[in-house]
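For reference, the structure discussed in these notes is given below.
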Amino acid sequence: MIRVEKPKIESNVEWLNWSRIKPLSVNFNLQIEKEYSKQSSFDEYKADNPDINLTVSDYTGYFETGEAIEKIMIVENVRLLRQFPTLDEAKMTLPYDNKTYSIEINRESVNEYLGFRVEELKTEDDSWNTKFLDPIGYDNSKRKAFFDKFGNIE
């Protein structure tokens, strides 16, 4: 796994927990592309975050159903598209428990699937919560349908 420093752009991104996500690559051209990978084991996570008081059972308990992984992948990638209107695509890979979860979304496909433009959602007027987080990000069946459309498990 290639590790690079956090991109400067990260200070403008609302991460669930940025310390858990390691950038693989960030390319800035006419199109911004972000690809992230999560630590694949508790030992790797703990080595990267020695000051965090987390047990192996806390770590595995959070990820074992796969729902948390799907939630992170969907919410964080759509959040990037919302916050950065010039970002056309976002990808994420999360290895866990001998499986590799991945997602690749592009703005046009996501907006078409959702029936609205994610870049128009705002936290200030609560449209981010009412139109995306609550009905899709936090609803198990709709989140699963979104992941089935854009994600993959190998």
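Along the sequence shown, the residues carry numbers beginning at 1.
- Smallest separation of non-hydrogen atoms from Leu81 and Glu89: CD2-N, 4.2 Å.
- Between Glu67 and Asn140 the shortest heavy-atom distance is OE1-OD1, 3.8 Å.
- Considering every non-hydrogen atom in both Asn77 and Lys91, the closest pair reads OD1-N, 3.6 Å.
- Of the residues Glu119, Glu120, Arg117, the one that meets the side chain to side chain donor-acceptor pair (under 3.5 Å) test with Asn111 is Glu119.
- Using a 4.5 Å heavy-atom cutoff, the side chains of Phe147 and Ile69 are not in contact.
- For the pair Lys149 and Tyr113, the cation does not sit on the ring face, since its NZ or CZ is not both under 6.0 Å from the ring centre and inside 45° of the axis.
- Judged by distance alone, with hydrogens and angles left aside, the side-chain atoms of Arg143 form a donor-acceptor pair with the main-chain N or O of Gly137 at under 3.5 Å.
- Between the side chain of Thr100 and the backbone N or O of Glu154, no donor-acceptor pair lies under 3.5 Å.
- The closest side-chain heavy-atom distance from Val78 to Trp128 is below 4.5 Å.
- Smallest separation of non-hydrogen atoms from Ile103 and Met73: N-CE, 3.4 Å.
- The two residues Phe146 and Val110 make their nearest non-hydrogen contact at CZ-CG2, 4.2 Å.
- Atoms CD and CD, from Gln83 and Glu76 in turn, are 8.5 Å apart once rounded to the nearest 0.5 Å.
- A donor-acceptor contact shorter than 3.5 Å is absent between the side chain of Asp134 and the backbone of Thr130.
- More than 12 heavy-atom neighbours from other residues, nucleotides or ligands sit within 6.0 angstrom of CG on Asp125.
- Note that the CG atom of Leu133 and the CD1 atom of Ile74 stand 11.5 Å from one another [nearest 0.5 Å].
- Remark: the backbone N or O of Ser109 is paired with a side-chain donor or acceptor of Asn106 at under 3.5 angstrom.
- At least one side-chain heavy atom of Phe116 sits less than 4.5 Å from a side-chain heavy atom of Leu121.
- Put simply, the side chain of Thr123 reaches to within 4.5 Å of the side chain of Arg82, judged on heavy atoms.
- Atom CZ of Phe132 sits about 11.5 Å away from atom NZ of Lys142, to the nearest 0.5 Å.
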